[in-house]
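Following: one structure in C-alpha cells, then a few remarks.
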2 protein chains.
Amino acid sequence: MSRSSISAIVADLLETGLVSETGAGDSSGGRRPIMLGFDDDAHAIVGVDMGATHIAVAVTDLRSQVKAWRSKIFDVREDPEGALSLMRGLIDGALIEASIDRERLVGIGIAVPSPVNPENPTVLSPLFVPKWKDLNIVEHLENIYRVPVGMDNDANLGALSEQWWGAGRDGRDLAYIKVATAVGAGLIINGDIYRGTTGIAGEIGHIPVDPSAGECVCGLTGCLNLRMGTEKLVQRAHDLRPEHPKSTLPRRGLTVSRLVEEACEGDRLARLIVEDAGRHLAIGVAAMLNLFNPAKVVFGGSLTRAGELLLRPLKDALGERSPSASVKQSQLVTSTLGIEGTARGAATLILRAALDDPTLFPTPLDVEVAAHTT
Amino acid sequence: MSRSSISAIVADLLETGLVSETGAGDSSGGRRPIMLGFDDDAHAIVGVDMGATHIAVAVTDLRSQVKAWRSKIFDVREDPEGALSLMRGLIDGALIEASIDRERLVGIGIAVPSPVNPENPTVLSPLFVPKWKDLNIVEHLENIYRVPVGMDNDANLGALSEQWWGAGRDGRDLAYIKVATAVGAGLIINGDIYRGTTGIAGEIGHIPVDPSAGECVCGLTGCLNLRMGTEKLVQRAHDLRPEHPKSTLPRRGLTVSRLVEEACEGDRLARLIVEDAGRHLAIGVAAMLNLFNPAKVVFGGSLTRAGELLLRPLKDALGERSPSASVKQSQLVTSTLGIEGTARGAATLILRAALDDPTLFPTPLDVEVAAHTT
DNA sequence: ACACTTTGTGCGACAGGCGAACAAAGAGAG
DNA sequence: CTCTCTTTGTTCGCCTGTCGCACAAAGTGT
C-alpha cells in the first residue's frame, strides 16, 4: 500500500483509541519514524474453555495476555444448569479481578467439547452432549452480559490459538490435535478455521486404527477414540498394573497428569502406555497428513505434556524414511500455550470478529465526540 | 450489484467478444430484456489427461463441450520422451479435427498422475514417476504452442471438473475420489482446489485400512493402495479364480473394465471383488469424511462404473445408523462425466485462470481497434 | 553549512460501485 | 386508441478507497 493510504488508515485508528503513537523510533539515515503501538488494554475479552469435566475462564487483553484466570472441575455433561451458573460466577470473578467494567468488554467466546454446526452456531450437538439439548448458551450469555458471544468447538479454537499466539504463527495451514477425554483436531486452512459442511471437520478420533478395539459408538470398528481417550489410558494402566509390580503408579485414583509425571520420571509402565498412545496416534496422524498436508501439526491436551516421550514413538511410527512427502516435511510440535490455549482461542474468536468489523469494539466517549464534529 | 454497474460490465464483455446479445427475452409485464449469451466457440482450450498407462486429449469450447477427442494406451511412466511426442501428435490431430487455429487457443491444461508442488508447479514428483525427473512438460509445451500451460494432479482436476460441470455443481466443498492404478482424492475447499503445503493433500491411498496387507512403499502398514489399485484387484481375481469354477472371468488378460462388466452381469467372483473393494474403500472414505466433512463425495475412475455395486457395500460399511453427522449427511455419488472428466478438468484449469484474468484470452482484431480508439 | 535520505501529509486523479433520474419498450384497463 | 403502470437499460453525479506526486519535517554524514 502507498504511504498516503497508510496515513489515512492510521489517522482512523488513532481516533478509535485502539492504536496510539509510542514515540520516535531509530533513524535509518533520515527522519525518525513515529512508532505506533496497539493499545492492548483499550478493551478486554472473555474466553471460556468448557470441557467435558471442567470450566476455565480467561480475561485477556487485545494481545491475548491473560489478565485473570479462573478454573474449576465440574461434570459439565451431566449438569448443564449448574455449569451455566458456575460459568457466570467464574466470569464475574475474573472480570472483577482484572478490573474490567462492562464498557471495555468486547465480547465473550466459548469453546465447547462438541461440534458446532455453522448453520446453527448457538447450540451443541445432542449426539455428543445429550443433556445440553435445547439449551442455548450463546443467547443465555448475551442476555446476561449484553455483548457479542461466539461459540466453537474446542479443537478448532485450540488451533486458532496456536496460529495466532503459539506454535503455528508462521503458516496459513495448520492442524491442531487435542488429546483429552477424546481426540479431536482443529484445522486452519488458508488462515481460517475449516469447519466442513456441518461443522464436524477434524473428527480425527473416528479414524480406524485397530480392528481389535471393538465397535465405536459411531458405528465403525476400531476408532482411535477407543484407544486414546484419557479414560482409556487410565483403564489400560490399571489392566497392565499386575505385570509391572515395580511401577510407582497408584493403583487407584490415577489421572493422566500423574501418568505423564511418572512417565517423565522414568516409570516403565507409564512410559509403555504413553509410547503405545503415540504409536496409535501415529496412524490417525498419518491419515490426516496424507489428506491435509499441513505445514505444521501442533499437539495439545493433557497427554502432550509428555513431550518427546509421546512424539518420539509417534514420529518413529510415521516412518522417518517414508517417501511420502507430506509425512516427511510436516513439522510435529507440542503446544506452547499449555492449559490456557483453548480459552485464549475462544477470546481470539471474538478478537478476530472485531478486527474484521471494528464497529464491534465498544466506542469510548472521545470517539463519539470526534464523530460529531465531522 | 446495482443495475448500473452491470451495464458497465456487460459493455466491457461485449467488447471482448466473449459475450453477445442473443435477442429479446419474454416480457414479464414491462420492457423486454436483452438476453445475453456466452459465446462458447469464441475460443478453445486443450485438456490433456496423462495417466500412468494412457494419454487422452480433449479440445473443448468455453463451456467445456468436447469438440475433439483423442486417446491412446501408452506406458507413460517408462518412456517420457515417447509420451511427449505422442502427446504432441494427439493435440495437433485434435486441434485440426476441431478446426481450431492458434489464434483461438487460450491455453493447454495437463492432468498428471503425480502430486504437483504448488511452489514448483512445472515438474512431477520423482517419487511417483522417477523417469520424469528433470523433464519440464509445461515449458516443453509452452515452447511448442506459445500459449499458457497449466499442470496439476489428476485427482485435483477430476474434482475441479465435477465441481464445474458434473455432480458437484451445487457446493463449495467437495471430495472427488479416483479409483485407478492407485486411489487418490481431489479436494475442493471454499470453491478452490486444496493442495496443502507441498501439493500432496488428498493422498487417501495411504490411509491404513488393513494391517495384514503388508508394508507399503510409503513406510506405513496396510495402506489402502495395497488393496484397491486396479492391478491389485485383477491379481485378487486371479488368486480367487480356483474357488469359483463357474465364474466367466477370463483366466488371463483380465482388465478392470471386464471385471466391472462381469460384475454387472452377475458373475459371483467379480461381484465379490467389487464388493470387497467397496468395503475397503469405506474405511478410507470414513476417515476422509470425519476429517473433511464435505457435502458431497464423487467417485470416479474405471472401477466406479460398477455404480451401486460398489457404492452399496461402501455405504453399508460406513454404517447408516452411525451417529457421526459427517458420514450420515454426506451424499455419495458416482461421476457423471465418465472418461472425459479428467481432461475436461485440465481444460477448466486454464478456463478458470482466463476468467480470473481476462487478458489471457487471445485478443481478436476488433478489440485491438477498439482499444486504439480510446 | 550543505547535500542527501527517510518519513509523514496534503492534494488532485482515477477506478469501481451505487442510487436517482430518465428514456425506451411493453402490458393492461378503460 | 389512450393513458397509466411495470420492467429494463443507460446516463449522470456522488462517494470511497487507493495511488502518485509534491512538499514539509527531521534526520545523517561530509
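Numbers restart at 1 for each chain; the letters A, B, ... are given by sequence-line order, proteins then strands.
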Go through the N and O atoms of the side chain of R3(B) and the base of dG9(D), and report whether any donor-acceptor pair is under 3.5 Å.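 A donor-acceptor contact between them is present.
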
For the side chain of S4(A) and the base of dG20(D), is some donor closer than 3.5 Å to an acceptor across the two?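 Counting by modelled atom types and ignoring angles, a donor-acceptor contact under 3.5 Å is found here.
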
Just the rounded figure in Å: distance from [atom2] of [N] to [atom1] of [X].
X	N	atom1	atom2	answer
I9(A)	dT9(C)	CD1	P	13 Å
R31(B)	dA24(C)	CZ	C1'	5 Å
M1(A)	dG20(D)	CE	P	11 Å
M35(B)	dA25(C)	CE	P	18 Å

Among N117(B), N156(B), D152(B), exactly one meets side chain to side chain donor-acceptor pair (under 3.5 Å) together with R195(B). Which residue is that? D152(B)

Quick check on DNA chain C: between E21(A) and G29(A), whose nearest nucleotide comes earlier from the 5' end?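 With E21(A) and G29(A) compared, the 5'-side residue is G29(A).
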
For the atom pair CG (L160(B)) and CZ (R344(B)), what is the distance rounded to the nearest 0.5 Å?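 One finds 11.5 Å between CG of L160(B) and CZ of R344(B).
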
Have a look at I6(B) and say if it touches a base, only the backbone sugar-phosphate, or nothing, with a 4.0 Å heavy-atom cut-off.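 Touches nothing.
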
Of the options [options], whose atoms approach the side-chain atoms of [X] most closely?
X	options	answer
S7(B)	dT10(D), dT6(C), dC19(D)	dT10(D)
S27(A)	dG27(D), dG8(C), dT8(D)	dG27(D)
P33(A)	dT8(D), dG8(C), dG27(D)	dG8(C)

Intermediate values then yes/no, salt bridge (charged side-chain N to carboxylate O under 4.0 Å, His left out), D192(A) and R352(A): CA-CA 10 Å; D192(A) 213 350; R352(A) 202 186 43 166; 2.5 Å; yes

On DNA chain D, compare the nucleotides closest to R32(B) and A8(A); which residue's is nearer the 5' end?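 Mapping each residue to its closest nucleotide by heavy atoms, the 5'-most match is R32(B).
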
